[in-house]
Amino acid sequence: MTGSPPPETPTLPDWLREPDPRPNGRHRLRFRTVFISDTHLGTPGCNAELLLDFLKSIECETLYLVGDIIDAWQLRKGWYWPPRHNDIVRRVLKLSKHGTRVIYVPGNHDELLRDYAGLGLGDVEIVNRAIHETADGRRLLVLHGDQFDGVVLYAKWLAFLGDSAYVLLLKSNAGVNWVRRRFGLPYWSLAAHLKKRVKNAVQFICRFEEVVAHAAVEAGVDGVVCGHIHSAEIRQFGDVTYYNDGDWVESCTALVEHEDGRMAIIDWAERKRAEAAAKKLAPQLAIEAGAPVPA
């Protein structure tokens, strides 16, 4: 009598087993921790090229995905999932496979994952909130932030209505940037520009920041990291520091922790604009310095 054959060991896909080359020969930026949110994969508004470039340009011990990574609200209305969005998911999985701890804190647009808190998607941990300890010993509460948005909590139909209007704005934003690319101009966010100039939006953001900071005080932590409102910010409220990592729809920003515990916001769109400007000026600077210019 023979026993059952042993189960086959699952084979990793080729793209996950391949070595991780440097992006275009560049050295990667090294951080202790990286926080990103509001990528809204599954929508045309996601700046997939910039996000993928950022993820390929970094190394970190821990990567927090602070909600609204996948936009299930829009995917329910119509399927949109271009190859670049697959590339982003693959990049995150590759980071986790190469030693980065990846923690997914779902938001309101990907709230269906909240039912799976405590489980994992492969090597990606799913939690509804987390406590992150910085290198200098501070404790930070990490959550998406929609818990403190009265519109999302108490008038969900209005949130969906606002979301539809926002999608139209992002489509306009895509059209504006298509024209800008035709003229060789860098990315610019119409949505972010309008938000900063609308009084009610500014008041909402300020009130949101205060409420989230108060929640951190009640939790007995030193600070709070969130997303949700697409507005990157570092602010001090008494003894509590409020951090918002921004988004990858309007501003293309991330929050990073350096090896010594210092926190900073990286504006990746601005960084790429600066790199493009420096590259454009390089020949002229070389001429002025008397150096030979490559043919």
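Atoms CG and CG, on Leu55 and Leu95 in that order, are 6.5 Å from each other to the nearest 0.5 Å. Rounding to the nearest 0.5 Å gives a distance of 7.5 Å between CZ of Arg28 and OG of Ser57. Put simply, SG on Cys252 and CD1 on Ile266 are 13.0 Å apart, with the number rounded to the nearest 0.5 Å. Interatomic distance, Tyr242 OH to Leu140 CG, rounded to the nearest 0.5 Å: 13.5 Å. Rounded to the nearest 0.5 Å, atoms CZ (Phe54) and CG (Asn47) are 13.5 Å apart. Here CG of Asn244 is found 8.5 Å from CG of Leu255. Values are rounded to the nearest 0.5 Å.
In summary, the side chains of Ser37 and Asp245 do present a donor paired with an acceptor at a separation below 3.5 Å, with no hydrogens or angles considered.
Every residue meeting the ring-ring contact (aromatic ring centres under 6.0 Å, His included) condition with Tyr80, not counting sequence neighbours, appears here in chain and number order: His85. Residues forming a salt bridge (Lys or Arg N to Asp or Glu O under 4.0 Å) with Glu125 (at least two apart in sequence, or on another chain): Arg101. Looking at residues two or more places apart in sequence or on another chain, you find a salt bridge (Lys or Arg N to Asp or Glu O under 4.0 Å) between Asp87 and Arg84. Remark: Thr241 engages Gln236 in a side-chain hydrogen bond (donor to acceptor under 3.5 Å, both in side chains) (not counting sequence neighbours). The side-chain contact (heavy atoms from CB on, under 4.5 Å) check on Ala264 picks up Val256, His258, with sequence neighbours excluded. Scored by the side-chain hydrogen bond (donor to acceptor under 3.5 Å, both in side chains) test, Thr39 finds no partners at all (sequence neighbours excluded). For Asp239, there are no salt bridge (Lys or Arg N to Asp or Glu O under 4.0 Å) partners, not counting sequence neighbours.
Residue Gly261 comes nearest to Ala135 through the heavy atom pair N-CB, 3.6 Å, listed as atom of the first residue, atom of the second, then distance. Between Asn128 and Gln147, the closest heavy-atom pair is O-NE2, 4.5 Å. Minimum interatomic distance between Ala232 and Thr253 (heavy atoms only, all atoms of both residues): CB-OG1, 3.6 Å. Nearest heavy-atom pair, Phe208 versus Gly145, reported as atom, atom and distance to 0.1 Å: CE1-O, 3.2 Å. When every heavy atom of Ser251 is checked against every heavy atom of Ala269, the shortest pair comes out as O-CB, 4.0 Å. In terms of heavy-atom proximity, Arg235 sits nearest to Glu233 at CG-CG, 3.4 Å.
Under the 4.5 angstrom side-chain criterion for Ile, Leu, Val, Met, Phe, Trp and Tyr, the cluster partners of Val217 are Val240.
Counting heavy atoms from C-beta outward, Arg271 and Leu29 have side chains that approach closer than 4.5 Å. Side chains of Val224 and Leu143 form a contact here, defined as non-hydrogen atoms less than 4.5 Å apart. Between Glu270 and Trp268, the closest side-chain pair of non-hydrogen atoms is not below 4.5 Å. Between Val142 and Arg129, every side-chain heavy-atom pair lies at or beyond the 4.5 Å cut-off.
Residue pairs satisfying the side-chain hydrogen bond (donor to acceptor under 3.5 Å, both in side chains) criterion with at least one member in residues 211-221, sequence neighbours excluded, are listed as follows: His214-Glu218. Within the structure, salt bridge (charged side-chain N to carboxylate O under 4.0 Å, His left out) pairs that include any residue of residues 31-47 comprise Arg32-Glu257 (at least two apart or interchain). Sorted by first and then second residue, the pairs that involve residues 133-143 and meet side-chain hydrogen bond (donor to acceptor under 3.5 Å, both in side chains), not counting sequence neighbours, are Thr134-Asp136, Asp136-Arg138, Arg138-Tyr243.
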Exercise for review: Determine, stepwise, if the pair Trp81 / Leu75 fulfils side-chain contact (heavy atoms from CB on, under 4.5 Å).
Suggested key: CA-CA 9 Å; Trp81 196 271; Leu75 288 174; 4.3 Å; yes

- Quick one: do Val34 and Ile36 satisfy side-chain contact (heavy atoms from CB on, under 4.5 Å)? Show the steps, please. CA-CA 7 Å; Val34 173; Ile36 63 172; 4.1 Å; yes

Show, in sequence, the C-alpha distance, side-chain angles and deciding distance for Leu41 and Val89, and conclude whether the side-chain contact (heavy atoms from CB on, under 4.5 Å) test is met.
CA-CA 9 Å; Leu41 295 173; Val89 173; 4.1 Å; yes

Q) Passes side-chain contact (heavy atoms from CB on, under 4.5 Å), His40 versus Trp248? Steps please. A) CA-CA 8 Å; His40 290 274; Trp248 290 86; over 6 Å; no

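Val102 and Ile126 fall within the same hydrophobic cluster, defined by Ile, Leu, Val, Met, Phe, Trp and Tyr side-chain heavy atoms under 4.5 Å apart, directly or through other members. If you chain together hydrophobic residues whose side chains sit under 4.5 Å apart, Leu141 and Ile103 never meet in one group. Linking Ile, Leu, Val, Met, Phe, Trp and Tyr residues whenever their side-chain heavy atoms come within less than 4.5 Å leaves Leu52 and Phe35 in two separate clusters. The cluster map of Ile, Leu, Val, Met, Phe, Trp and Tyr, joined by side-chain heavy atoms under 4.5 Å apart, puts Ile265 and Val212 in different clusters. Two different hydrophobic clusters hold Leu112 and Val127 under the rule that ILVMFWY side chains link at heavy-atom gaps under 4.5 Å.
Ion pair Lys279/Glu275 not flagged as a salt bridge, since none of the NZ, NE, NH1 or NH2 atoms sits closer than 4.0 Å to an Asp/Glu carboxylate oxygen. Of the charged side-chain nitrogens involved, at least one lies within less than 4.0 Å of a carboxylate oxygen, so that Arg114 and Asp146 count as a salt-bridged pair.
A 6.0 Å sphere centred on CZ of Arg30 holds more than 12 heavy atoms belonging to other residues, nucleotides or ligands.
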Under 3.5 Å donor-acceptor pairs involving side-chain atoms of residues 58-69, not counting sequence neighbours:
unit_1, atom_1, unit_2, atom_2, d
Tyr64, OH, His132, ND1, 3.2
Asp68, OD1, Asn108, N, 3.2
Asp68, OD1, His109, N, 2.7
Asp68, OD2, His144, NE2, 3.2

